[in-house]
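When a ligand or atom number is given, it counts from 1 through the structure's own listing order. Nothing here was measured: the structure is a model prediction, and the numbers come from that model.
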Amino acid sequence: MDKVERYKEILEAEAESHHVPILREAERALFLSVLEKSKPVRILEIGTAIGYSMLLLAAHAPQAVIDTVEIDEGRYKRAMSVVNDLGLSCRVHCHLGDAAQVIPTLFPGYDFIFLDGPKGQYMTYIKLIEPLLADEAVVVADNVLFRGMVVGNEYPPHRYRTIVLRLREYISYMKSHYETTIYAAGDGLAVSLKGNRKI
Ligand SMILES: C[S@@+](CC[C@H](N)C(=O)[O-])C[C@H]1O[C@@H](n2cnc3c(N)ncnc32)[C@H](O)[C@@H]1O
């Protein structure tokens with residue numbers, strides 16, 4: 001087994017034992033298929049966690065330079081150790097901080113975005129990211145169906161009200177401004193294409 005495959009297994013086990021939410025198996029195949037068809041050259045990921053999806057991004061888009069943002073210092077350090085151990089530091093840049101503060105410091109030209117940070121902030125993030133998007137780009141957002149509560153107009157349970165209403169707002173915005181498909185895999189994956197982008 002090569003080092004990347006070994007790391008995948010290690011990180012999956014770590015995520016399980018430390019209750020770190022990572023890309024679920026149910027949506028992984030779809031995510032990788034969208035990623036590989038996109039052939040991105042610059043990727044921005046919001047929500048690195050311990051570096052599991054970052055590892056998938058790096059392995060399945062070997063031509064891409066990746067920026068990934070994480071607010072939790074322990075998780076950021078773990079992701080950094082993976083980057084260094086795999087010799088990826090020339091093309092994977094981990095940023096420690098609040099995505100809303102970090103995004104405006106980044107350079108434009110991203111053609112693949114993976115939104116996987118706080119679900120209630122997707123709308124805020126896409127507004128900050130839009131000036132950084134290439135003319136043709138793919139925006140993938142995870143958990144957009146949030147336990148099945150997002151579809152329809154039903155009033156969500158009080159404790160999830162804000163997150164569900166914000167995800168509905170995100171989906172509605174992405175459908176009206178991008179060619180957007182919502183996939184039911186896992187917790188729901190939204191794939192939005194900018195400009196003439198086809199995958
Ligand atoms: C679902 S996890 C990311 C999982 C990762 N993408 C993967 O599949 O391996 C979401 C991450 O977003 C981070 N996060 C939460 N709020 C954030 C913020 N304001 N800025 C940056 N990261 C944030 C959390 O600490 C958490 O590690």
Side-chain angles (χ1 to χ4, degrees), residues 4-36 38 40 42-61 64 66-86 88 92-106 110 112-129 132 138-147 149-150 160 162-164 166-167 170 183 185-191:
V4 170
E5 288 303 316
R6 210 163 61 240
Y7 253 121
K8 274 197 222 162
E9 289 192 356
I10 292 169
L11 292 176
E12 282 167 11
E14 270 180 40
E16 174 134 14
S17 62
H18 294 96
H19 307 290
V20 179
I22 59 168
L23 197 65
R24 298 158 194 229
E25 197 177 349
E27 54 220 24
R28 217 173 288 156
L30 173 63
F31 177 76
L32 292 179
S33 148
V34 171
L35 173 65
E36 285 175 359
S38 303
R42 280 194 68 207
I43 297 175
L44 172 60
E45 175 185 56
I46 306 301
T48 322
I50 55 177
Y52 182 73
S53 51
M54 173 269 286
L55 189 60
L56 296 179
L57 290 165
H60 292 262
I66 302 167
D67 287 289
T68 179
V69 187
E70 173 57 50
I71 201 168
D72 181 284
E73 191 169 1
R75 292 180 181 179
Y76 159 82
K77 283 185 173 162
R78 179 60 177 130
M80 280 294 290
S81 75
V82 176
V83 168
N84 290 330
D85 196 28
L86 289 175
L88 290 169
V92 179
H93 310 295
C94 299
H95 303 262
L96 173 63
D98 181 348
Q101 309 294 320
V102 174
I103 295 166
T105 69
L106 302 171
Y110 293 100
F112 190 96
I113 306 293
F114 181 39
L115 292 180
D116 198 22
K119 314 306 159 198
Q121 299 301 318
Y122 283 2
M123 200 54 219
T124 303
Y125 294 156
I126 193 63
K127 286 297 196 182
L128 290 170
I129 288 169
L132 306 180
V138 180
V139 180
V140 178
D142 197 12
N143 308 102
V144 291
L145 296 179
F146 197 70
R147 307 174 196 189
M149 290 179 213
V150 173
Y160 298 124
T162 304
I163 200 165
V164 170
R166 287 184 176 176
L167 281 170
Y170 175 80
Y183 295 94
D187 202 22
L189 209 63
V191 178

Enquirer: With a cut-off of 4.0 Å, which atoms of ligand 1 are near a heavy atom of Leu23?
Expert: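 In order of number, 7 (C), 8 (O).
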Enquirer: For atom 15 (C) of ligand 1, what's the nearest protein heavy-atom neighbour? Residue, atom name and distance, please.
Expert: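 In this structure, atom 15 (C) of ligand 1 has Pro118 CD, 3.6 Å as its nearest protein heavy atom.
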Enquirer: Tell me which one of Glu73, His95, Glu70, Glu45 gets a heavy atom nearest to atom 27 (O) of ligand 1.
Expert: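 Minimum heavy-atom distance to atom 27 (O) of ligand 1 goes to Glu70.
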Enquirer: Who's the nearest protein heavy-atom neighbour of atom 10 (C) of ligand 1, and how far?
Expert: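 Protein heavy atom with the smallest distance to atom 10 (C) of ligand 1: Asp116 O, 3.0 Å.
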Enquirer: Counting only N and O atoms by type, is there a donor-acceptor contact under 3.5 Å from the side chain of Asp85 to the main-chain atoms of Ser81?
Expert: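 Checked: no pair found.
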Enquirer: Nearest protein heavy-atom contact for atom 14 (N) of ligand 1: which residue, which atom, what distance?
Expert: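 Protein heavy atom at minimum distance: Ile71 CG2, 3.7 Å.
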Enquirer: Any N/O of Ala99 closer than 3.5 Å to an N/O of ligand 1?
Expert: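 Yes; at least one N/O pair falls below 3.5 Å.
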Enquirer: Looking at ligand 1, does any of its N/O atoms fall within less than 3.5 Å of an N/O of Arg75?
Expert: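 Arg75 vs ligand 1: N/O contact under 3.5 Å present.
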Enquirer: Determine, using heavy atoms of Gly97 and all atoms of ligand 1, whether some pair is separated by less than 4.0 Å.
Expert: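 Checking ligand 1 against Gly97, which is what was asked, there is a heavy-atom contact under 4.0 Å.
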Enquirer: Which heavy atom of the protein is the closest neighbour of atom 7 (C) of ligand 1, given with residue, atom name and distance?
Expert: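 For atom 7 (C) of ligand 1, the nearest protein heavy atom comes out as Ser53 OG, 3.0 Å.
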Enquirer: Report yes or no: does Ser33 contribute a side-chain atom to a donor-acceptor pair with the main-chain N or O of Ala29 at less than 3.5 Å?
Expert: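 Checked: no pair found.
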Enquirer: Quick one: are Phe112 and Leu57 in side-chain contact, heavy atoms under 4.5 Å?
Expert: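 A side-chain contact exists here, since the closest heavy-atom pair is under 4.5 Å.
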Enquirer: Going by the order shown, which atoms of ligand 1 are within less than 4.0 Å of some heavy atom of Asp98?
Expert: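 Close to Asp98: 18 (C), 19 (N), 20 (N).
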Enquirer: What heavy-atom pair brings Leu35 and Pro40 nearest, and what distance separates the two atoms?
Expert: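 What the structure gives for the nearest pair is O-CD, 3.5 Å.
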Enquirer: Going by atom types alone, do Tyr52 and Arg28 pair a side-chain donor with an acceptor below 3.5 Å?
Expert: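 Present: a donor and an acceptor within the cut-off.
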Enquirer: What distance separates Leu11 CG from Ile50 CD1, expressed to the nearest 0.5 Å?
Expert: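 Going from the CG atom of Leu11 to the CD1 atom of Ile50 covers 5.0 Å.
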Enquirer: Are side-chain N/O atoms of Glu45 and Thr68 paired as donor and acceptor at under 3.5 Å?
Expert: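 There is such a pair (donor and acceptor under 3.5 Å, judged by atom type) between the side chains of Glu45 and Thr68.
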Enquirer: Given the side-chain rings of Phe31 and Phe114, with only the six-membered ring counted for Trp, is the space between their centroids under 6.0 Å?
Expert: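 Between Phe31 and Phe114, the centre distance is under 6.0 Å.
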Enquirer: Short list, please: which atoms of ligand 1 are under 4.0 Å from a heavy atom of Gly117?
Expert: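 Ligand 1 atoms under the 4.0 Å threshold to Gly117: 12 (O).
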Enquirer: Could you list the atoms of ligand 1 found under 4.0 angstrom from a heavy atom of Ala49?
Expert: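 Every atom of ligand 1 under 4.0 Å from some heavy atom of Ala49: 3 (C), 4 (C), 5 (C), 27 (O).
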Enquirer: Do Tyr125 and ligand 1 have an N or O pair less than 3.5 Å apart?
Expert: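 It does: an N or O of Tyr125 is found under 3.5 Å from an N or O of ligand 1.
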Enquirer: Can you name the atoms of ligand 1, numbered from 1 with element, that are less than 4.0 Å from a heavy atom of Tyr52?
Expert: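 Matching atoms, with element in brackets: 9 (O).
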Enquirer: Measuring only between side-chain heavy atoms, which start at C-beta, is Val138 closer than 4.5 Å to Ile113?
Expert: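 SC-SC contact between Val138 and Ile113 ruled out.
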Enquirer: With a 4.0 Å heavy-atom cut-off (strictly under), which part of Thr48 contacts ligand 1: side chain, backbone, both or neither?
Expert: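 Just the backbone.
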Enquirer: Which of these, Gly74, Pro21, Gly47, has its nearest heavy atom closest to atom 6 (N) of ligand 1?
Expert: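 The nearest heavy atom belongs to Gly47.
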Enquirer: Is any side-chain heavy atom of Arg166 closer than 4.5 Å to one of Ile163?
Expert: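 Not touching, per the 4.5 Å side-chain cut-off.
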